S.K.: 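Please read through the structure below; I'll follow up with questions.
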Amino acid sequence: MWLKNPAASQVISDRIEQRIMIPVEEARARILASVSPTMAETVSIAEAHGRVLAVSVQARVTQPPHDVSAMDGYAVRCADAVAGARLTVIGAAPAGHPFSGSVETGQAVRLFTGSVVPQGSDTILLQEEAQRQDDIVIPAETIRPDRHIRRQGQDFTTNQTVLESGRILTARDIGLAAAANSPWLAVHRRPRVAILATGDEIVLPGEPVPPGGIVSSNSHMLAAMIRAAGGDPILLPLSGDDSDTIRARAEAATKSDLLITIGGASVGDHDLVRSALGERGLTLDFWKIAMRPGKPLMHGQLAGTPLIGLPGNPVSAYVCALLFVLPALEVLRGLPDTPLRTQPARLVAPLRANDHRTDFMRGIITQTESGPVVESFPVQDSSMISALARANALIMRAPHAPQAAAGEIVPVLPLESTGL
Ligand SMILES: Nc1nc2c(c(=O)[nH]1)N[C@H]1C(S)=C(S)[C@@H](COP(=O)(O)OP(=O)(O)OC[C@H]3O[C@@H](n4cnc5c(N)ncnc54)[C@H](O)[C@@H]3O)O[C@H]1N2
Ligand code: MOO
């Protein structure tokens, strides 16, 4: 009886598992399809930095508001501004105090950078290019027309769209919104991401660690990633391997934009997340992806809230968060989905042929004179958070990638540049 043969039944269950494991790109597409941008809220420009603009901004003023001088000097008529001419200074117009009269033949008005160019004048005589004697100014050289004048509206005009919706507001954008006299901006609400770490063995950092216990690193790592990527993480209290607690905590978090569970995603007797939430109407989209680390990734909806179940191993949780949670956060923030960006690097040492799962191997990328080179760590255990913290790159190995020799080019996801 083959069923009584454990080795044979293992082969069969491996085959079944391979069939239900979906490829990384499909998992990503299905997760992204389940999230949509948060509603817009109005915030002051003081709070808008880093937020995603939900409604385009139209200028409420024209900039510059009038023709203004770009330099300190004199507003004159070009026809008068010949070397040695004696022009009468009839007044001064500091910035913010326009001259009310007009510059007539043989006259000049003292101006400063940003002063409104008075009527009648058509060029600026720099103070360095003139000699001043009481109320007379004498150009040292003949001046061309139209010098050093910033034309009204050369920056932007009233009602012009100065900021398009969908952009992440930079410090420069905040400056532009202020200049356009738009002190309030409609931005997407920061997505709220609830994090539920599960497991009888885990305790909070700083707590006494009982025999067999470990400190929950994943929840804090994930919260830091979410905050860095523009979301608001909500760390729920830890839950033991107890269905009632997992259900209660998860249900309480369904007002969030995304619910993340950590651990309890695999096949062990104490991996309860799927079954516990299944009883509360979790609609499972998929469970298990063809990826290493991170095979038991789960995705579904609980009471209308998208749910991503991350595996408990810290490296698996990190890589899944990088590949699936952060892109989902981008969509929630109101940004377009950006594809995974790898860069080529040369292998320092050979790599074994890959199996059917996309592999993300921890390693170190170094810039050399002949381009970037990358070396994978000899031990790739997905529990080793110290190796993850030391790594600055993930080497991506496609399913069934053949053995790769030293010197071959492989795709790499750099980690440091993301600040994560
Ligand atoms: N028989 C099988 N066993 C396992 C399989 C399998 O296919 N068949 N898959 C393995 C893979 S791959 C992974 S990944 C893990 C994931 O399992 P779970 O998501 O159920 O995670 P746990 O069992 O709860 O924990 C795994 C590991 O991670 C530690 N952990 C859990 N939570 C945290 C946390 N918040 N911070 C730090 N570390 C955490 C936990 O103590 C375990 O050591 O399953 C394999 N097993
Ligand atoms: O794939 Mo698990 O994710 O070995 O660590």
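For ligands, and for the atoms within them, numbers begin at 1 and follow the listed sequence. Predicted model, so just to flag it, every value in this text is computed and none were measured.
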S.K.: Decide side-chain contact (heavy atoms from CB on, under 4.5 Å) for Gln58 and Gln160; before the verdict, give the C-alpha distance in whole Å, the side-chain angles of both, and the deciding distance to 0.1 Å.
M.R.: CA-CA 5 Å; Gln58 273 80 38; Gln160 183 183 328; over 6 Å; no

S.K.: For the residue pair Ser256 and Thr305, establish whether any side-chain heavy-atom pair is separated by less than 4.5 Å.
M.R.: yes

S.K.: Would you tell me whether Asp72 and Thr113 have side-chain atoms, one donor and one acceptor, within less than 3.5 Å of each other?
M.R.: yes

S.K.: From the options Ser266, Gly312, Gly294, Ala317, select the one whose nearest heavy atom is closest to atom 46 (N) of ligand 1.
M.R.: Ser266

S.K.: What protein heavy atom sits nearest atom 23 (O) of ligand 1, and how far off is it?
M.R.: Asp271 OD1, 3.6 Å

S.K.: What are the atoms of ligand 2, with element, lying closer than 4.0 Å to any heavy atom of Ser316?
M.R.: 2 (Mo), 3 (O), 5 (O)

S.K.: With atoms numbered from 1 as shown, which atoms in ligand 1 lie under 4.0 angstrom from a non-hydrogen atom of Ser217?
M.R.: 36 (N), 37 (C)

S.K.: Looking only at N/O atoms, are Gly294 and ligand 2 under 3.5 Å apart anywhere?
M.R.: yes

S.K.: Would you check if Arg292 and Arg397 make a side-chain contact, meaning some heavy-atom pair closer than 4.5 Å?
M.R.: no

S.K.: Pairs of nitrogen or oxygen atoms closer than 3.5 Å, one from Gly264 and one from ligand 1: do any exist?
M.R.: yes

S.K.: Name the closest protein heavy atom to atom 5 (O) of ligand 2, giving the residue it belongs to and the distance to 0.1 Å.
M.R.: Ser382 OG, 2.4 Å

S.K.: Run the numbers for me: atoms of ligand 2, each under 4.0 Å from some heavy atom of Asn313, listed by number.
M.R.: 5 (O)

S.K.: With a cut-off of 4.0 Å, which atoms of ligand 1 are near a heavy atom of Ser316?
M.R.: 14 (S)

S.K.: Is it the case that Thr161 and Ser56 place a side-chain donor and acceptor less than 3.5 Å from each other?
M.R.: no

S.K.: Just which atoms of ligand 2 are under 4.0 Å from any heavy atom in Arg357?
M.R.: 1 (O)

S.K.: Taking only heavy atoms of Asn313 into account, list the atoms of ligand 1 that are under 4.0 Å away from them.
M.R.: 13 (C), 14 (S), 15 (C), 26 (C), 27 (C), 28 (O)

S.K.: What protein heavy atom is closest to atom 40 (C) of ligand 1, reported as residue, atom name and distance in Å?
M.R.: Glu201 OE2, 3.0 Å

S.K.: So that I can tick it off, tell me whether Glu47 and Arg190 are bridged by a salt bridge, with the cut-off set at under 4.0 angstrom between side-chain N and carboxylate O.
M.R.: no

S.K.: May I ask whether Ser382 has any heavy atom positioned less than 4.0 angstrom from an atom of ligand 1?
M.R.: no

S.K.: Using a 4.0 Å heavy-atom threshold (strictly under), name the region of Gln380 that reaches ligand 2: side chain, backbone, both or neither.
M.R.: neither

S.K.: Would you check whether Leu238 reaches within less than 4.0 Å of ligand 1, judged by its heavy atoms?
M.R.: no

S.K.: Provide, to 0.1 Å, the distance between atom 7 (O) of ligand 1 and the closest protein heavy atom, together with that atom's residue and name.
M.R.: Lys295 NZ, 2.8 Å

S.K.: Run the numbers for me: atoms of ligand 1, each under 4.0 Å from some heavy atom of Ala265, listed by number.
M.R.: 18 (P), 19 (O), 20 (O)

S.K.: Identify, by atom number and element, the atoms of ligand 1 in contact range of Ile214, meaning under 4.0 Å from any of its heavy atoms.
M.R.: 29 (C), 30 (N), 37 (C), 38 (N), 39 (C), 41 (O)

S.K.: For Thr62 and Phe156: C-alpha separation, side-chain torsions, deciding distance, then whether side-chain contact (heavy atoms from CB on, under 4.5 Å) applies.
M.R.: CA-CA 6 Å; Thr62 289; Phe156 52 80; over 6 Å; no

S.K.: Please determine if Arg167 and Asp173 form a salt bridge, counting it only when a charged side-chain N lies under 4.0 Å from a carboxylate O.
M.R.: yes

S.K.: Are side-chain heavy atoms of Pro118 and Ser102 found at a separation under 4.5 Å?
M.R.: no

S.K.: With a 4.5 Å heavy-atom cut-off, do Ile364 and Val374 have their side chains touching?
M.R.: no

S.K.: Between Leu310 and Leu297, is a side-chain contact (heavy atoms from CB on, under 4.5 Å) present by the stated rule, with each step listed?
M.R.: CA-CA 5 Å; Leu310 299 179; Leu297 182 81; 3.7 Å; yes

S.K.: Taking the six-membered ring of Phe377 (Phe, Tyr or Trp), confirm whether the NZ or CZ of Arg362 is under 6.0 Å from its centre and within 45° of its axis.
M.R.: no

S.K.: I'd like to check whether Arg292 has a polar contact with ligand 2, where a contact means an N/O of the residue lying under 3.5 Å from an N/O of the ligand.
M.R.: no

S.K.: How close does the nearest protein non-hydrogen atom get to atom 33 (C) of ligand 1, and which residue and atom is it?
M.R.: Asn218 ND2, 3.4 Å

S.K.: Identify the closest protein heavy atom to atom 2 (C) of ligand 1: which residue and atom is it, and at what distance?
M.R.: Val267 CG2, 3.4 Å

S.K.: Let me see the working for Val55 and Val187 under side-chain contact (heavy atoms from CB on, under 4.5 Å), right down to the final yes or no.
M.R.: CA-CA 7 Å; Val55 178; Val187 295; over 6 Å; no

S.K.: Check this for me: does any side-chain nitrogen of one of Arg189 and Asp257 sit under 4.0 Å from a carboxylate oxygen of the other?
M.R.: yes

S.K.: Tell me the protein heavy atom at minimum distance from atom 35 (N) of ligand 1, and give that distance in Å.
M.R.: Ser216 OG, 3.0 Å

S.K.: Please state whether Pro296 comes within less than 4.0 angstrom of ligand 1, counting heavy atoms only.
M.R.: yes

